[in-house]
Amino acid sequence: MSGFQAPRGMRDLFGADAAAAAKVESAAYAAAEAAGYQRIVLPIAEESALFERGIGGSTDVVSKELYRLAPHSEESTPLSLRPEATAGILRAYIQHGMRSAPQPVRLVTVAPFFRHDRPQKGRYRQFTTFDIEAIGDAGPGIDIEVIELGASFLVALGLRDIEVHFNSVGCATCRPAYAAALTAHFAPIEGELGEVDRIRLRENPLRLLDSKDPAAVRRAESAPALPGYLCAGCAAHAAAVRQVLAAIGVTLIDAPRLVRGLDYYTRSAWEYLLPGEQGQQGAIGGGGRYDGLAELIGGSATPAIGFAIGIDRAVHALQDRGITIGEVVPPSVVVCGIDEGSLAARIGLASTLRTAGISARADVSTRKIGKQLEGAARDAAVAVIIIEPDGRLSLRIMADGKQADPADEASVLRAVAALLKR
RNA sequence: GUGGCCAUCGUUCAAUGGUUAGGACCGUGGUUUGUGGAGCCGCAGAUGAGGGUUCAAUUCCCUCUGGCCACCCCA
């Protein structure tokens, strides 16, 4: 068992796992496209500066987890593997002048992303997410559309007990005042805080609300609440989102301490959570509004909103609940032959069947017919076509073992088509 | 990135400081050489890597690699 292994935190997906992931991916595209979102396929790498400026140089995602590519030559611009989708999508929006298209521009992608984090179940260095971005609309209507789209996608997958935790993190005008209030609130106990929390106190006090440190948790209970500090615009926006979602049957759970990890979020911020799941499994996705991001990366002011749902985590959650979403489906017809000379005929006939829209494979072995039938039976084939030494074809129905008398190709093709139609 | 637990055929479990590391599943071949998932009989396949201790290491120690858990972070 020596030799090469897949890199740490990166997996080989095959068999049922690959089938499930593919199914979730196609369900994601179907859900998004049905709602008017168009696919966008982006480079797997971008200029490092895009992520540094867009996501925030002080975030863990950029400061510690970014896969920076070794420069190929002295002139080359530093590139990094994408750790998330939003920055790249907004870059494409700006680059291609999508602001002259009808707004909002609705985009969807299901793609792999890379973060150099310590791997764990549900947390991989290469992971796949389902991303939706709606760019160019300040909401709150589009907020509601996007939040509902993600929630109903997860419910339709079979995760009926998904919870939507919602908060408003304010905007550039109201958040500074709240941050100052939090700093003032936690400052008296600075000495009791851990090192990490002390840094947060200085750099991003909102994160203190997320701390697991007992001292910080206790202090957080009496912390001022964000809603009280929202400006009139943000408060009205959040109220509208809550009200309309309630009206259409999407229950929001208020999460005043929910603070998304990336710096660019404004106003609406939410997470899709599975209650009762341990570790990484619970946080299946999250989203937010990022009205300031376009300007940060050199575009004109453009409001935007989006979410990311982890495909890997969704698959794990489904598997943990015993929900089968995808399985390997072998071809329904196997073409066997009595003697080796029939190989060309076997492969040719299998191809003909496929052209006719029937899934089929040839048995390309030199095994005896009994072994060939055994293989077909294990693949749960519906029918087997046996090429007789004289070139005629026998159709055998696997369910009952009935085998018709040898016939010509045209009539066998008709019989197979009729059989599979039932 | 910090701390902890773990590592035997493809899978799942055994065993052991000392001849050929065992079973089950899976795979593969045979089963009077042209008719199926069973049965029977075969075959193949592992101590993650590198060091060390020892007469002897898969077993003890160290490092690395990888997995999992908590933290962190987030999808």
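Every chain is numbered from 1 and lettered A, B, ... according to where its sequence line falls, protein lines coming before strand lines.
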(message) Any non-hydrogen side-chain atom of A/R392 less than 4.5 Å from a side-chain atom of A/I387?
(response) no
(message) Between P on B/rU33 and CD on A/Q372, what's the gap in Å once rounded to a whole number?
(response) 17 Å
(message) Using atom C1' in both nucleotides, what's the gap between B/rC25 and B/rA38 to the nearest angstrom?
(response) 15 Å
(message) If I pick the P atom on B/rA15 and the same atom on B/rA7, what distance separates them, to the nearest angstrom?
(response) 13 Å
(request) Using only side-chain N and O atoms of A/Q403, determine if any of them is under 4.0 Å from OP1 or OP2 of B/rU35. (result) no
(request) Please measure how far the C1' atom in B/rU65 lies from the corresponding atom in B/rU47, and state the result in whole Å. (result) 16 Å
(message) Centroid distance below 5.5 Å plus an interplanar angle below 30 degrees: do A/F113 and B/rA75 meet both conditions?
(response) no
(request) Have a look at A/G375 and say if it touches a base, only the backbone sugar-phosphate, or nothing, with a 4.0 Å heavy-atom cut-off. (result) nothing
(request) Quote, to the nearest angstrom, the C1' distance that separates B/rA49 from B/rU8. (result) 15 Å
(request) Answer whether the closest heavy-atom distance between the side chains of A/L157 and A/F153 falls below 4.5 Å. (result) yes
(request) Figure out the CZ/C1' separation between A/R118 and B/rC5, and round it to whole Å. (result) 12 Å
(message) Quick check: A/Y29 with A/F130 (ring centres under 6.0 Å apart)?
(response) no
(message) Can you check the distance between B/rU63 and B/rU2, where both ends of the measurement are the P atom (answer in whole Å)?
(response) 14 Å
Taking only nitrogen or oxygen atoms into account, show me every contact under 3.5 Å that the protein makes with nucleotides 29-32 of chain B, one pair per line with its distance.
unit_1: B/rU31; atom_1: OP2; unit_2: A/K368; atom_2: NZ; d: 2.1

(message) Can you work out whether A/E388 or A/P7 has the more 5'-proximal nearest nucleotide on RNA chain B?
(response) A/E388
(request) Calculate the interatomic distance between A/F4 atom CZ and B/rU65 atom C1'; express it in whole Å. (result) 13 Å
(request) Decide, yes or no, whether a salt bridge links A/R123 with A/D117 under the criterion of side-chain N to carboxylate O below 4.0 Å. (result) yes
(request) Look through every strand shown and name the nucleotide pairing with B/rU2 as Watson-Crick or G-U wobble, where both distances are under 3.5 Å. (result) B/rA70
(request) Would you mind pulling out the nucleotide paired to B/rA44, Watson-Crick or G-U wobble, both distances under 3.5 Å? (result) none
(request) Establish, with yes or no, whether the OP1 or OP2 oxygen of B/rC72 is under 4.0 angstrom from a side-chain nitrogen or oxygen of A/R123. (result) no
(request) Could you tell me whether A/I386 contacts a base, only the sugar-phosphate backbone, or nothing, with contacts defined as non-hydrogen atoms closer than 4.0 Å? (result) base
(message) What is the distance, to the nearest angstrom, from the CG atom on A/D117 to the P atom on B/rC68?
(response) 12 Å
(request) Grab the CD-P distance between A/Q120 and B/rA75 for me, whole Å please. (result) 16 Å
(request) Give none if B/rU63 has no partner; otherwise give the nucleotide forming a Watson-Crick or G-U wobble pair with it, both distances under 3.5 Å. (result) B/rA49
(request) Identify which nucleotide among B/rG27, B/rG1, B/rG67 has an atom closest to any side-chain atom of A/R378, counting heavy atoms from C-beta outward. (result) B/rG27
(request) Send over the distance from A/M398 CE to B/rG37 P, rounded to a whole Å. (result) 9 Å
(request) Write down the distance between CD1 (A/I311) and C1' (B/rC74), rounded to a whole number of angstrom. (result) 16 Å
(request) For A/Q126 and for A/A377, locate the closest nucleotide of RNA chain B by heavy-atom distance; then report the residue assigned to the nucleotide nearer the 5' terminus. (result) A/A377
(message) I'd like to know if A/K368 pairs up with A/E374 as an ion pair, taking the criterion as any Lys NZ or Arg NE/NH1/NH2 lying under 4.0 Å from an Asp or Glu carboxylate oxygen.
(response) no
(request) Provide the distance between the two P atoms, one in B/rA46 and one in B/rA21, to the nearest whole Å. (result) 11 Å
(request) Using a heavy-atom cut-off of under 4.0 Å over every strand shown, decide if A/A376 touches base, sugar-phosphate, or nothing. (result) nothing
(message) Just to be sure I understand the rule, does A/I387 reach a base, reach only the sugar-phosphate, or reach nothing, if contact means heavy atoms closer than 4.0 Å?
(response) nothing
(request) Tell which nucleotide pairs with B/rG17, taking only Watson-Crick or G-U wobble pairs whose two distances are both under 3.5 angstrom. (result) none
(message) Suppose you measure atom C1' in B/rA44 against the same atom in B/rG3; what distance do you get, rounded to whole Å?
(response) 43 Å
(message) Tell me which nucleotide, if any, is Watson-Crick or G-U wobble paired with B/rG10 when both distances must be under 3.5 Å.
(response) B/rC25
(request) Would you mind checking if A/D254 and A/R242 are paired as a salt bridge, meaning a charged N to carboxylate O distance below 4.0 Å? (result) yes
(request) Measure the distance from CZ on A/R115 to P on B/rA75 and round it to the nearest whole Å. (result) 5 Å
(message) Between B/rG45 and B/rG37, how far apart are the two C1' atoms, rounded to whole Å?
(response) 23 Å
(request) Compare the minimum distances between each of B/rU65, B/rU35, B/rG3 and the side chain of A/I369, then state the nucleotide with the smallest one. (result) B/rU35
(request) Anything under 30° is parallel, anything over 60° is perpendicular, the rest tilted; go ahead and classify A/F127 against A/F113. (result) tilted
(request) Kindly confirm or rule out a cation-pi arrangement of A/R11 over A/Y124, judged by NZ or CZ under 6.0 Å from the six-membered ring centre and within 45° of its axis? (result) yes
(message) Checking base pairs now: Watson-Crick or wobble, both atom distances under 3.5 Å. What partners B/rU54?
(response) none
(message) With a 4.0 Å limit, can you tell me whether A/R8 has a side-chain N or O closer than that to the phosphate oxygens OP1/OP2 of B/rG66?
(response) yes
(message) To the nearest 0.5 Å, what is the distance between CG on A/D131 and CD1 on A/I40?
(response) 11.0 Å
(message) Checking contacts here: which listed nucleotide (B/rC68, B/rG66, B/rG36) is nearest the side-chain heavy atoms of A/L373?
(response) B/rG36
(message) Regarding A/D379 and A/R361, does a basic nitrogen lie under 4.0 Å from an acidic carboxylate oxygen?
(response) yes
